[in-house]
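Values below: every heavy atom of this structure, side chains too, minus hydrogens, waters and symmetry copies.
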Amino acid sequence: MKAYIFSTDPLDAADGKWDYGLLKEAFDRNHVEEIVVTSIPKDNRAFVVIPGQGNAGSEKAINKELANLDRVVLFITGDEQGLFNADAIKHPNISIWIQYPHQKHEKYNKFFIGAPRHIKEYKPNYPIKTYDVYFGGQITHQRRQELAKAMPSVRNALYCPTEGFAQGDPPKEYYRKLASAKVAPAPSGAQVIDSFRFFEALEMLTLPVGDRKDSQGREINYYDYVYGKSIPVQLTHDWHQLPKIMIEIMNDYPANMHKAVCWWIKYKRDFAFKIMEHLNA
């Protein structure tokens with residue numbers, strides 16, 4: 001099986017981006033050959049991965065490329081703002097999957113952002129859990145500002161705010177700190193609730209706390225929306241309640257952490273299985 005990593009801009013291929021990690025793991029699990037292309041060759045069936053933000057407005061040209069395939073499983077990645085018009089994609093035999101799904105993507109298959117593809121290069125030897133809570137990241141929108149006010153009230157916490165995206169510790173040090181904590185708050189991303197931190201924590205055997213509100217303060221059951229049912233991770237409407245949430249979490253720790261990590265392992269396995277099912281449908 002092949003996966004064509006396609007973009008109308010040859011410098012904007014999805015495989016070089018942080019949010020390609022979950023797909024990369026699924027392709028490797030299924031022994032899928034990944035081929036970076038600027039035109040899609042004629043083939044019976046194949047996966048196609050397109051970074052949505054950089055290809056928004058090129059949907060008609062993309063339809064012409066997809067016509068070279070009899071069966072397509074299309075992944076739209078890296079489009080946090082929801083600029084790509086999936087409704088404009090026309091093909092008689094296609095399955096479309098959306099990363100960073102918005103409410104307008106209800107009819108499509110959805111998948112999480114997952115952990116960055118580089119995480120395996122920097123995974124630490126798992127240390128003793130020195131801290132109860134760790135947060136290292138930029139304090140930008142209201143949800144993160146709310147968290148920043150709560151962190152000083154949390155016992156045994158390591159708090160390392162940064163000035164911007166990827167402007168904090170080098171990845172190896174960031175993952176070491178993340179792995180040294182029992183819990184990692186994961187407030188909303190800039191546009192949708194999904195964030196790398198949530199899944200990086202699970203990879204580090206650290207229990208995330210997810211957000212029920214986006215950066216604008218709108219309540220969205222994002223994790224339920226993407227997964228299709230409830231996930232075994234605590235979510236919050238109010239980051240001011242983090243000290244209280246920590247008491248509840250620690251009463252069931254580490255069983256709750258084990259349950260969440262097992263869910264994530266199963267999700268990745270099931271995702272890899274489902275995309276193969278869709279390709280062979």
Side-chain angles (χ1 to χ4, degrees), residues 18-19 80 112-116 118-119 121-217 219 222-223 231-254 256-258 260-261 264:
W18 281 37
D19 49 31
E80 192 174 1
F112 289 117
I113 185 176
H118 64 244
I119 193 170
E121 302 173 27
Y122 300 109
K123 272 191 175 181
N125 294 322
Y126 294 105
I128 295 172
K129 296 291 187 180
T130 307
Y131 300 99
D132 288 345
V133 182
Y134 167 66
F135 179 83
Q138 55 183 332
I139 303 301
T140 48
H141 53 72
Q142 59 178 292
R143 298 301 287 161
R144 297 183 178 216
Q145 291 165 2
E146 194 174 283
L147 172 64
K149 292 178 181 178
M151 284 298 293
S153 301
V154 179
R155 296 178 58 186
N156 193 28
L158 178 62
Y159 178 49
C160 304
T162 67
E163 294 185 359
F165 181 72
Q167 293 183 26
D169 291 320
K172 186 174 182 178
E173 178 64 8
Y174 170 73
Y175 290 130
R176 185 193 67 78
K177 289 179 178 178
L178 186 57
S180 72
K182 297 175 181 177
V183 176
S188 173
Q191 299 293 331
V192 298
I193 286 175
D194 215 350
S195 69
F196 291 117
R197 179 174 290 102
F198 186 93
F199 301 101
E200 288 172 322
L202 291 168
E203 293 284 346
M204 296 297 112
L205 307 183
T206 299
L207 181 63
V209 176
D211 215 331
R212 285 198 179 276
K213 293 183 179 180
D214 68 10
S215 61
Q216 303 301 312
E219 186 164 341
Y222 183 84
Y223 295 101
I231 65 172
V233 175
Q234 189 153 350
L235 309 175
T236 184
H237 302 83
D238 184 0
W239 287 107
H240 292 118
Q241 296 298 313
L242 185 58
K244 180 180 178 181
I245 292 170
M246 283 301 302
I247 293 173
E248 297 173 2
I249 286 176
M250 297 313 296
N251 284 337
D252 192 35
Y253 186 89
N256 45 13
M257 181 272 288
H258 292 154
V261 171
W264 175 231

inquiry  = So which atom in S188 and which in V192 form the shortest heavy-atom distance, rounded to 0.1 Å?
reply    =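 Looking at all heavy atoms of both residues, the shortest contact is OG-O, 3.4 Å.
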
key: Heavy-atom closest pair, residues W239 and V209   =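 Minimum heavy-atom separation between W239 and V209: CH2-O, 3.3 Å.
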
Rounded to the nearest 0.5 Å, what separation is found between the [atom1] atom of [X] and the [atom2] atom of [Y]?
X    : Y    : atom1 : atom2 : result
K129 : N156 : NZ    : CG    : 12.5 Å
K244 : S153 : NZ    : OG    : 14.5 Å
L202 : M257 : CG    : CE    : 10.0 Å
T130 : K177 : OG1   : NZ    : 12.0 Å

Just wondering, do [Y] and [X] contact through their side chains at under 4.5 Å, heavy atoms?
X    : Y    : value
S215 : Q191 : no
D194 : F199 : yes
S180 : L178 : no
M204 : P124 : yes
L207 : I249 : yes
V133 : Y159 : no
D169 : Y175 : no
Y131 : K182 : no

Donor-acceptor contact below 3.5 Å, side chain [X] vs main chain [Y]:
X    : Y    : result
S195 : G189 : no
N251 : I247 : yes
D211 : P187 : no
K213 : E219 : no

task = Decide yes or no on side-chain contact (heavy atoms from CB on, under 4.5 Å) for L235 and Y223, but give the supporting numbers first.
result = CA-CA 9 Å; L235 309 175; Y223 295 101; 3.7 Å; yes

request  = Please assess C160 against Y134 for the test side-chain contact (heavy atoms from CB on, under 4.5 Å), listing each intermediate value before the final yes or no.
outcome  = CA-CA 8 Å; C160 304; Y134 167 66; 3.9 Å; yes

query = Between R197 and E200, is there a salt bridge with N-O shorter than 4.0 Å?
reply =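 No.
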
key: Electrostatic pair R143-D214, nearest N-O below 4.0 angstrom   =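 Looking at D214 together with R143, the answer is no, because their closest N to O distance does not fall below 4.0 Å.
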
task = Evaluate the side-chain contact (heavy atoms from CB on, under 4.5 Å) criterion for residues T206 and Y126: first the C-alpha distance (whole Å), next the side-chain angles of each, then the deciding distance (0.1 Å), finally the verdict.
result = CA-CA 10 Å; T206 299; Y126 294 105; over 6 Å; no

request  = Apply side-chain contact (heavy atoms from CB on, under 4.5 Å) to M246 and R155, showing your working.
outcome  = CA-CA 9 Å; M246 283 301 302; R155 296 178 58 186; over 6 Å; no

ask   = Relative to each other, are the rings of H118 and W18 parallel, tilted or perpendicular (30° and 60° limits)?
value =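 Correct class here is perpendicular.
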
message = Testing the 3.5 Å rule here: is there a donor-acceptor pair between the side chains of W264 and E203?
response =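 Checked: W264/E203 side chains pair up, N/O donor to acceptor below 3.5 Å.
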
ask   = Is it the case that more than 12 heavy atoms not belonging to Y174 sit under 6.0 Å from its OH atom?
value =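 Yes, OH of Y174 has more than 12 neighbouring heavy atoms, counting only those of other groups under 6.0 Å.
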
key: Option from I139, D238, T236 for which side chain to side chain contact (heavy atoms under 4.5 Å, CB included) with E146 holds   =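 Of the listed options, the one satisfying the test is D238.
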
